[in-house]
Every structure is written in structure tokens, then in C-alpha cells.
Number of protein chains: 2
Amino acid sequence: MKKKRPSLKDIAEVLNVSTTTVSFVLNGKGEEKKISKELIAKVEAYLKEINYKPNLVARSLRTGSTRVLVFMVEDISNHFFSKVGRLIEDISYKNDYRVLFCSTENDLKRTQDLIHLFHERQVDGFIIVPPLGIEDDIKHLMEHETPVILFDRKIPSLKTDYVVINNFEGAKTSTKHLIDSGYKNIAYITVDLDQGQMQDREAGYRAAIEEAGLNEITLKLPFNTTAVTESREKLKNFIKEHSNIDAIFFATNYLSQSGLKGIHQIDPNLINKLGIISFDDSGFFEMYSPTISAFAQPIEEMAEQLMRIMLKKLKEKDTKPEYLTLKGTLVARESSQPKTTKL
Amino acid sequence: MKKKRPSLKDIAEVLNVSTTTVSFVLNGKGEEKKISKELIAKVEAYLKEINYKPNLVARSLRTGSTRVLVFMVEDISNHFFSKVGRLIEDISYKNDYRVLFCSTENDLKRTQDLIHLFHERQVDGFIIVPPLGIEDDIKHLMEHETPVILFDRKIPSLKTDYVVINNFEGAKTSTKHLIDSGYKNIAYITVDLDQGQMQDREAGYRAAIEEAGLNEITLKLPFNTTAVTESREKLKNFIKEHSNIDAIFFATNYLSQSGLKGIHQIDPNLINKLGIISFDDSGFFEMYSPTISAFAQPIEEMAEQLMRIMLKKLKEKDTKPEYLTLKGTLVARESSQPKTTKL
DNA sequence: TGCTATTGCTGAATCGATTTAGTGTGAAAC
DNA sequence: GTTTCACACTAAATCGATTCAGCAATAGCA
């Protein structure tokens, strides 16, 4: 049979006090509200005895706050996002906030649904990796004074805080690293999304290639999570057609992962002849054989900055937005070492 | 400046009707409640015009239902769990439920916190991969008539529904597959958890080895997410000490992933000499070089069954619990093929 | 003694929806 | 001519917390 959870009213009746008193004690405001020590002790003892848990839905309705934040990224199972998410969760916990995670899959409709769902449930703040076309929905949140921080990508038309990395520098550094390892024909594999961060990475690649007087070799694959196999076939054909390629720079870690599979399918030994580097690190990369080099984003710093800004915004409304562009670091592993000895 | 969200009351005042009427129309009960077609049309038009979204916190307080389910697994970034989660989300969506995902990390305290957090927020149902020691908290949920379904593992003392696979058969089949491929010295790598499913897998391995008249070679690593490196060192030493091993059966996919890294560290070419199979598939396995064989759980079927049972329990209370043990399938890839040609 | 201040507590409004129990009107039934 | 009933709608209670406004009793002070 169903147990009814006791309400403040039930407790007040048992103890012969008012719900107000119980509520004050429950929220630790007993002293402040001049409740006598004896009564505080009595109420606290009873609360503990029955292991009372307040109904948070009722509390939220009254206070207008849920103490819940939402972390909305492209794909929460992606190493980069899940690491940042985990750190954010820890910081939130210490500040008595809970975090809900969800994946947008870069799908506008899905993201809009999620934003509205959570907004209707009165969550207190959003950290979002914004897909293209989401401006209006985010503006809508901002009009209701719900804190929103953009992450990984910025949207120029939105005057709200963001935390991103310097994609241009990162891509340039990575490309240079391949060049320094002796590679001459470096292909750049990216997705055909008009997102700012992707354009910056491409520009970074181009800059390094031009400075070194090499030739650009670029392939843009369709961004479409359902057609992964098709994408990989295109990549395989591209590699076969450009037999002079001696290195590949993948613009994101999921491209790399699919790409490595394609390379393996062409020839299990091909991976040992190519220089490889990926933008964004992945747990997968240090387990692969050979281990894969990557340009890693500063995960801890990003999480700390995101939460610092979020907590600030939750405390005081109408703060000036902060625009943060952080630096990443190159993680050189086996895949980007000179291969001349093996050839 | 802050926009206040309109409430039903505001709308009722503007339209000069009662909040009751607006609520009926909002919930599509207009006809049933004998509201005239004209008035329904007028209210609907206005609701659409201002793009009214009800306050779901208030609705939940009144109805006692949030239309939210929780999917609580060991690690949501694990391929197996994230796949099942995604399918569950789709089915839920079609039935007007939302799903929240979270990771227990097999940590009792963390899991308890999460269960209480969501219970206090009145979520409608739980699908849980239960860590050891969680019985009482789950019993507590059941006493409050909150539907709970166990997944991946069962807890004998709990009379609630579960969906698991036949771990014994799966492990036996996998081991036999290695034997059939000609391997003679098959090591079994597992974790030192007293969980039923792990014991069943080990028993399956043992049964196949005994039937074939081979020798058991078993290594139990400590389950400890923070000491991955240490674990891997133990594994490496184990492999070095047992130089006669020609195949390895990993009891879970995360063990395999760490194990593959260890094998690579010992010698990049070692992987091509060993037969490898893993319990639980992973996206990583078909990308690895060589591709890794695995015993895969029936992901679609599990998601469908879980949601079928959940929806049934949400509709009618006091249903008889269902105990489902499904079958998995062997996915033979490169890593478990005979290696005799290469030696 | 009379006045204000403080202490210690409570009644009732409130958040924004849902839902029960009606209310007033006009037409049909007897 | 009264009763009944369907229709079209509404007032008010309700969910379970928080919180404002206020009350009675005692203390402090002149």
C-alpha cells in the first residue's frame, strides 16, 4: 500500500505548532526568527526521527527557484563534453545546485524542445553549446532573466556570456606541429557546418599551410549523425584519390574516430604511414594503437570559469556579460611523430 | 527587464472567463466539459497568440505527476548504456514522458543522493542499474508506489521488475568461440565485485573451459574508477608473467578498453598475436585496429521491454513484477579469428 | 503605573495550476 | 404549471511549501 509522505502541516499538527515554525526550523532560520532553543531542538529531533524530506516541487512553486542547472551539449557521451560536465557537476553540488545533462545532437528542433521543457520546469540556469538557429530561443530565456552561458561556440548577435577556446590558434599550432614533424601533404578533414568555431579552425590550418608554403588539401563531410557510414565512404575515397597525402588533421574528435575506422578498413597498416592529429582530445586516443595526438581544450579551466560566471549570475542579476577565450594545449602522441624511419 | 510569464489567471482576466474554462481548453477537455465551440476557439486562439506555456512546477504540485522518468546507470558515457538510454528516450517522448539520465558510477552514496533528489522532485519512475547496497532505498521508493525497474543486474531480495541478459550463457558462448578459433590458453579478466552478473559470467567462462578440458587462468582487478592506471599495471604484469596466454576474455567493455591500452604499451604488435573478446559491445571496438569481437547485449529489445513494463506500471498500480532474462549475440570481428597463419 | 520593545510564535496569503461541486438558464417532459 | 435535465460555465478548494503581517506575553524603562 502507498505511504503518504508527511507534509509540513502534518508535522505541525503532531507537534502542536504552526507550519511557519516548522518551516523556519527546517530552513535553519530558527534563531534568526527568534524561535526558542528548546522548540528548535524538539522540531529538529522530530524531523530527523521521521526522516522528513520536503516536497521540492512545492518549494519551487513558492520560491520560483529549483536549484537545478542544465548543461546542454552536442553529445554528452563525447569525451570532451562529459569531462567538462562532470567537473561542473562537482562544483554545482558544493554550491547546492544539481545539474541535468542532455544532448542536443546539434538538432535545432530537439534543442528548442529541451530549452522549453526545462524553462517550463523553472530551472535556474543554462550552459549551452548552441546549435545554429537557436538565437531566438536563447533571447527568450534572457528576457526572462534566466542566466545563459554559451560554451564551445559563440553567437555574435547574443549579448550573453561565453567561454570558448581560441580555435584559430589551436588549429594553427596543430598544423604546424605536423609540419615540424616533416609532413608535407597535410589534409584537413572537417564538417560542412557554418559554425564560427569550425571556420576559425579551418582558417588556422590554412594560415599554417600558407606560412610553410605547402598546399591545402581540404575535405568537407556532411554533418549528419545518421549517415556516418556514408561519410566514411567519402573519406575513404578521398584518401584513395589523394595518394600523396602523408598526414591528416581532423577538425573534431568524432571525425577522427570515424576516420580511424575508415583508415583501418582501407588497410590495417595505413595508420602507421600517416601522421594524424585531432582537434579535441578523447579517451579513445590514448588507447588506440598507435596513440593519437590531439589538440586538447583546457577542460578544468573551462568548467571553473563556466561555474564562476554562472554562480555570479545567479547571485546578482544584470551583470555585464563576460567573453572568455581560453587557450588549449597540444598533446603530442605517437600518431604525429615523424614516420620517415618506417618508410 | 524581466518579463513575467502569464498565468492562467492573467489569461482568464483578459478573456473574461474563469481559469477553469481556460484550463479545460488548455488540456483539450473543452468538448468533454461542454464548453461551446466558439469559446474554445477564442481561448485557443489567444493561447496560441501569446504562446502560452503552463508552469509545469505548479501543474506537478497539483497532479502529483511530473511526467519525468529517470534512467540511472553505472556510466552514461558507456556505449551500451547510452544506446539503451537513447532508445528509451525516444519511446518515452512518444508517450509524453521526458527522461533524465545520470551516472551512479557504482557509488552507493552517490546513487542514494540521486534517488532521493529525484524522489523529492516527484519523478514518476526509475530505471536503475543497482549498485551493491541500494536495496533499502529502492524498497523505500516501492513503498511510495513509485515504479522501479532494475536493469542489467537483479537484486534477489527485491520483488520488482527487472530486465537482464543471460550472463552465464553469454560468457560460455564467448569462451567457446575462442576455443573454436583454436585458442588454448584463455585468460579471463574481471573485476572483484560481488555482483550476480559478474559471478554468472565467470561461471560461464569456467563451464566452457572445463568442457574443453583446458586450464582456467583468471585475474580479478579491483573495481576502482580512480585507479585505472594501477589496475592496468597489474594487468600488464599478469600478461608478462603468463607468457603462455594466447587469448583474453574481458568481462566488461571498460576492462577491454583499458586492457587494450595496456597490451599496446607492452608491445604494439602484441595485439595481433592474441585472441580477444569482450563482454558488452562498444563503438570503440569496431574502430580499433584490429576490430574487437564482443558479446553484445540486445539493446533494442532491452529498451523496448523496459519501456513496455514502465508504461504498464505507470498506468496501473500493483502489477505483478516481470522478471525478464534476454539473450545476447556474439559479434565476431577480427580480434577473435585464428592467428595461426600469422604466427 | 503606564508606555514601548522585544521575544516567541502563528494565521493566512501566496505561488499557478487542476478539479470538485455547483449555479443559472432555457427547453423538454409530464 | 411544475419538474427535470442538459448545457455552458464558474467559485473555491486543493497540492505543500514559504513568508508577510501581526498578536500575546513578558521585559525594560521612566
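Owing to the predicted nature of the structure, the values given are computational and were not obtained by experimental measurement. In what follows, chains are A, B, ... by sequence order, proteins preceding strands, each numbered from 1.
C:dG16 atom C1' lies 12 Å from atom CZ of A:Arg62, rounded to whole Å. Computed from coordinates, the B:Ile11 CD1 to C:dT18 P distance equals 11 Å when rounded to whole Å. Between B:Ile40 atom CD1 and D:dA8 atom C1' there is a gap of 11 Å when expressed in whole angstrom units. Whole-Å rounding puts the A:Glu31 CD to C:dT6 C1' distance at 16 Å. Rounded to whole Å, the distance from CZ on B:Arg5 to C1' on C:dA17 is 12 Å. The CG atom of B:Asn27 sits 4 Å away from the P atom of C:dT18 (whole-angstrom rounding). One can place CG of B:Leu61 at 12 Å from C1' of D:dT18, the figure rounded to the nearest angstrom. What separates CG of A:Asn16 from C1' of C:dC9 is a distance of 13 Å, to the nearest Å.
Look at A:Ser18 and you won't find any side-chain N or O under 4.0 angstrom from OP1 or OP2 of C:dC9. Contact between the side-chain N/O atoms of B:Tyr52 and the OP1/OP2 oxygens of C:dG16 is not found at any separation under 4.0 Å. Dashed line: the shortest gap from a side-chain N or O of B:Lys34 to OP1 or OP2 of D:dA8 is not under 4.0 Å. Considering only side-chain N and O atoms, B:Ser7 lies nowhere under 4.0 angstrom from the phosphate OP1 or OP2 of C:dG16. Residue A:Asn55 has no polar side-chain atom (N or O) positioned under 4.0 Å from OP1 or OP2 of D:dC15. In this structure, A:Arg59 reaches the D:dT18 phosphate: one of its side-chain N or O atoms is under 4.0 Å from OP1 or OP2.
Side-chain atoms of A:Arg121 never come within 3.5 Å of backbone atoms of B:Val57 as a donor-acceptor pair (strictly under, hydrogens ignored).
Side-chain contact check for B:Gln195 versus B:Leu132: some heavy-atom pair is nearer than 4.5 Å.
Take the nearest nucleotide of DNA chain D for B:Thr63 and for A:Phe24: the residue whose nucleotide is more 5' is B:Thr63. Remark on DNA chain C: of its neighbouring residues A:Thr19 and A:Leu39, the 5'-side contact belongs to A:Leu39, judged by nearest-heavy-atom nucleotide.
Residue B:Ser23 is in base contact, counting any heavy-atom pair closer than 4.0 Å across all strands shown. Among the protein residues, A:Val17 comes within range of the sugar-phosphate backbone only, with heavy atoms under 4.0 Å from sugar or phosphate atoms but none that close to a base. Backbone-only engagement by B:Lys29 is indicated by non-hydrogen atom pairs under 4.0 Å involving sugar-phosphate atoms exclusively.
Aromatic rings of B:Phe71 and B:Tyr97 (six-membered ring for Trp) have centroids beyond the 6.0 Å cut-off, not under it.
Closest approach to the A:Thr20 side chain among D:dT10, C:dC15, C:dT10 is made by C:dT10 (side chain taken as heavy atoms from C-beta onward).
Between A:Phe80 and A:Phe151, the ring planes are tilted. Angles from 30° to 60° get that label.
Judged by the 6.0 Å distance and 45° axis criteria, A:Arg153 is not positioned over the aromatic ring of A:Tyr162.
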